[in-house]
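Here is how names work: the chains are called A, B, and so on, in the same order as the sequence lines, proteins then strands, and each is numbered from 1.
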2 protein chains.
Amino acid sequence: MIDARAGDAWRPVERVRAYQHVVDQVEEQILAGALKVGDRLPGERELSARLQVSRAAVREAMRTLEAQGVVRAGVGSGPDAGTVVSAMPSEALTRLLRVHVALANFPVGDVIEARITLERSSAALAAANATRAAMSAIAAPLAAMEALEGGVDEDRRSYNDLDTTFHIAIAEAGGNRLVADMTIAIREAMRQPILASLERLGDDWPAVRRRLSEEHRGVYEAIAAGDGAAAADLVEAHIRSAHARLDGDR
Amino acid sequence: MIDARAGDAWRPVERVRAYQHVVDQVEEQILAGALKVGDRLPGERELSARLQVSRAAVREAMRTLEAQGVVRAGVGSGPDAGTVVSAMPSEALTRLLRVHVALANFPVGDVIEARITLERSSAALAAANATRAAMSAIAAPLAAMEALEGGVDEDRRSYNDLDTTFHIAIAEAGGNRLVADMTIAIREAMRQPILASLERLGDDWPAVRRRLSEEHRGVYEAIAAGDGAAAADLVEAHIRSAHARLDGDR
DNA sequence: CGCGCCATGTGGTCTGACCACATCGAGGTC
DNA sequence: GACCTCGATGTGGTCAGACCACATGGCGCG
């Protein structure tokens with residue numbers, strides 16, 4: 001009997017699907033500099049002719065690239081038409097994380113801890129690097145949240161959106177694109193679950209809202225003061241206490 | 001003249017593509033618990049009949065879900081055949097990050113800083129949570145790397161692979177799936193660039209290799225001792241000095 | 001000169017067919 | 001009866017060709 005293990009040198013023929021070849025070739029072209037962000041790649045019909053595959057294969061490749069945020073497809077004619085190379089890692093990362101959070105592939109506790117790790121870093125970076133414009137971008141949602149104080153009670157959705165904007169602005173202010181994009185992806189992925197928690201709060205909402213805004217203000221001022229360590233600690237405390245209040249009494 | 005801005009309530013008809021509907025429905029089914037990891041979803045022909053779309057649309061949806069690591073497709077018959085729900089966020093995250101790093105959508109410095117942030121966290125978590133099995137998984141590549149000492153010089157690729165395994169093992173040992181997956185994705189995305197840097201090193205390689213192994217040993221022992229703070233600092237120092245040596249004299 | 005309309009080219013969708021593959025079971029062989 | 005062979009079956013993978021909706025830009029008419 002032939003020992004299969006003796007045939008380690010014999011690996012099964014790699015069966016690469018046609019659309020994967022297309023994906024690879026497009027990536028190669030981008031790598032080689034032949035395609036830059038903003039460029040339109042050949043039409044699907046022309047690509048299928050050049051690569052000697054069916055248009056269906058080309059289209060499946062486009063769906064893969066689109067899911068990864070590498071290209072964007074637009075119909076019609078004009079500048080927005082055609083399939084265009086466009087770097088949208090943030091959106092792709094967000095979609096990816098959102099679906100896996102929704103599918104519960106990541107324990108919620110792990111997501112929160114990861115968020116703390118990233119936002120601590122973001123806050124510290126923001127304290128060190130934030131420009132005036134970036135500080136304004138952080139201050140705007142902060143002021144809007146504070147303006148909700150004393151207003152109607154049913155502003156949970158608005159507050160959640162503003163909170164998302166606030167945290168994203170801090171991440172952007174840090175100046176690290178990857179850290180920012182991962183931070184954004186996590187916060188966006190949590191947008192729905194957090195809103196659901198807010199809805200469950202009932203009458204406690206005004207008190208919680210007040211507390212959250214105070215914490216936001218503290219984070220903002222630490223960043224404005226350039227105190228990275230304090231900003232990091234305050235962000236961590238903010239996220240922890242928020243989740244404790246939202247999920248603790250579930 | 002009609003002021004277009006007055007028509008904010010009039011949003012353009014949302015033109016949702018057919019395959020996006022398919023993606024949404026599959027995700028809904030998973031969300032609702034009708035589809036769990038490991039389940040096979042209906043065949044492409046049956047899905048297209050049920051959803052009243054063409055099989056091509058179904059297939060494009062599958063490519064999107066596949067790119068996100070939500071499903072896996074297998075031909076033939078039997079248990080591995082058909083399209084199966086399978087949570088593979090790590091692989092999807094790795095693919096996503098690799099392509100965007102390759103496309104230079106993330107500055108290299110940002111990637112390194114993000115890696116440091118995540119691996120600091122991973123190392124500290126590992127020091128606190130690592131099981132005996134996890135420690136063995138870390139020790140194995142460490143020993144293998146040390147065994148390369150004094151051997152042939154052209155082991156750069158092997159060393160790079162073992163280094164990847166080492167860092168991934170630490171991330172896994174921390175016990176936080178999301179942090180681990182992000183750490184893995186970054187290290188994997190850097191595998192090729194780092195190898196390229198190693199190749200550029202020339203005669204300095206043996207000295208660099210020795211230094212890297214010493215640092216690895218230090219990280220390992222800090223984790224084994226349960227000293228999270230030290231492990232985090234050592235990992236950071238390791239990554240910084242490694243990149244300084246690899247890219248500093250470029 | 002201005003305006004409307006249609007030719008053009010894009011991605012989006014559909015149909016129906018065939019292929020390669022992996023399994024399973026019916027039937028034959030020993 | 002045990003074993004083997006080989007085709008039926010059903011899966012995803014691929015292909016060809018057609019039509020649709022859409023956005024533009026140029027042509028021709030008023």
Hits for side chain to side chain donor-acceptor pair (under 3.5 Å) against A:Glu66, two or more places apart or cross-chain, chain-then-number order -> A:Arg63, B:Arg17, B:Tyr19
Cut-off 3.5 Å, side chains only: do B:Arg200 and B:Ser197 have a donor facing an acceptor? yes
So, A:His243 side chain and A:Gly109 main chain: donor-acceptor pair closer than 3.5 Å or not? no
Main-chain N/O of A:Pro107 paired to A:Asp110 side chain as donor or acceptor, under 3.5 Å: no
Looking at B:Arg157 and B:Asp161, is any side-chain nitrogen of the basic one under 4.0 Å from a carboxylate oxygen of the acidic one? no
CE of B:Met62 versus P of D:dG13: gap in Å, rounded? 10 Å
What does nucleotides 7-18 of chain C look like as a protein-contact string, B for base, S for sugar-phosphate only, - for none, at under 4.0 angstrom between heavy atoms? --BBBBBBB-BB
